[in-house]
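Worksheet for the structure shown next.
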Amino acid sequence: MHLLELLRARNKTCAGLYLAITRRCPLSCAHCCSASSMGSEEFSAAPFMKLVESMTAEERPDYLWITGGEPLLRPELVQRLASKAHELGAQVALASGLFFA
């Protein structure tokens, strides 16, 4: 995924979708826009999977961003969402604080 691709898609309706799959995060970054902590709430995986599984190759965003909090606290969900989105032809990006890197 290249920045120019994203810029070209910015005027296309529903070209991208952000999924904030958790607000939990082990970091306490001063710049955090979601006020995440390890005590923050987290929805079940079901609504996220239901949304992505409702998409088709013809009706899907071009770009899916998986974010949080720290999405890598839910590695199985990240993998399932990314696999399904790739299967449909969407490009996937993960926004992470890289706590686990």
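Side chains are part of it too, since the values below use all heavy atoms of this structure and drop only hydrogens, waters and symmetry mates.
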| said: For the CD atom of Gln91 and the NE2 atom of His86, what is their distance to the nearest 0.5 Å? | reply: 7.5 Å
| query | Looking at Lys50 and Glu53, does any basic side-chain N land under 4.0 Å from a carboxylate oxygen? | reply | no
| message | Tell me the closest heavy-atom pair linking Leu27 and Gly97, and the distance in Å. | response | CD1-O, 4.0 Å
| request: Show the numbers, then the answer: is there a side chain to side chain contact (heavy atoms under 4.5 Å, CB included) between Leu17 and Arg60? | output: CA-CA 9 Å; Leu17 175 65; Arg60 55 139 176 92; over 6 Å; no
| query | Do Glu59 and Leu88 have side-chain heavy atoms sitting under 4.5 Å apart? | reply | no
| Would you say the side-chain atoms of Ser96 and Glu70 include a donor-acceptor pair closer than 3.5 Å? | yes
| task | Mind listing the closest non-hydrogen atom pair of Leu64 and Ala85 along with its distance? | result | CD2-CB, 3.7 Å
| Smallest separation among heavy atoms of Ala82 and Ile66, with atom names | N-CD1, 4.2 Å
| Check: Thr67 and Ile21 side chains under 4.5 Å, non-hydrogen atoms | no
| message | When you measure from the side chain of Ser83 to the backbone of Arg80, do you find a donor-acceptor pair of N or O atoms at a distance under 3.5 Å? | response | no
| note | For Ser28, the side-chain contact (heavy atoms from CB on, under 4.5 Å) test, sequence neighbours excluded, returns none
| Is a side-chain N or O of Ser40 found less than 3.5 angstrom from the main chain of Ser36, in a donor-acceptor match? | no
| note | Minimal heavy-atom distance between Leu73 and Pro26, with the atoms involved, is CD1-CD, 3.9 Å
| Would Leu77 and Thr22 satisfy side chain to side chain contact (heavy atoms under 4.5 Å, CB included), going step by step from the backbone distance to the final call? | CA-CA 10 Å; Leu77 179 56; Thr22 185; over 6 Å; no
| said: If you define the side chain from C-beta out and look only at heavy atoms, does anything of Val52 sit under 4.5 Å from Glu87? | reply: no
| Which ring-ring contact (aromatic ring centres under 6.0 Å, His included) pairs, counting each pair once, include a residue from residues 9-59, with sequence neighbours left out? | Tyr18-Trp65
| field | side chain to side chain contact (heavy atoms under 4.5 Å, CB included) between Leu51 and Leu19, intermediate numbers included | value | CA-CA 10 Å; Leu51 175 63; Leu19 289 181; 3.7 Å; yes
| request: Answer yes or no: is there a side-chain heavy-atom contact under 4.5 Å between Arg74 and Glu42? | output: yes
| field | N/O donor-acceptor pair under 3.5 Å between Arg23 side chain and Glu41 backbone | value | no
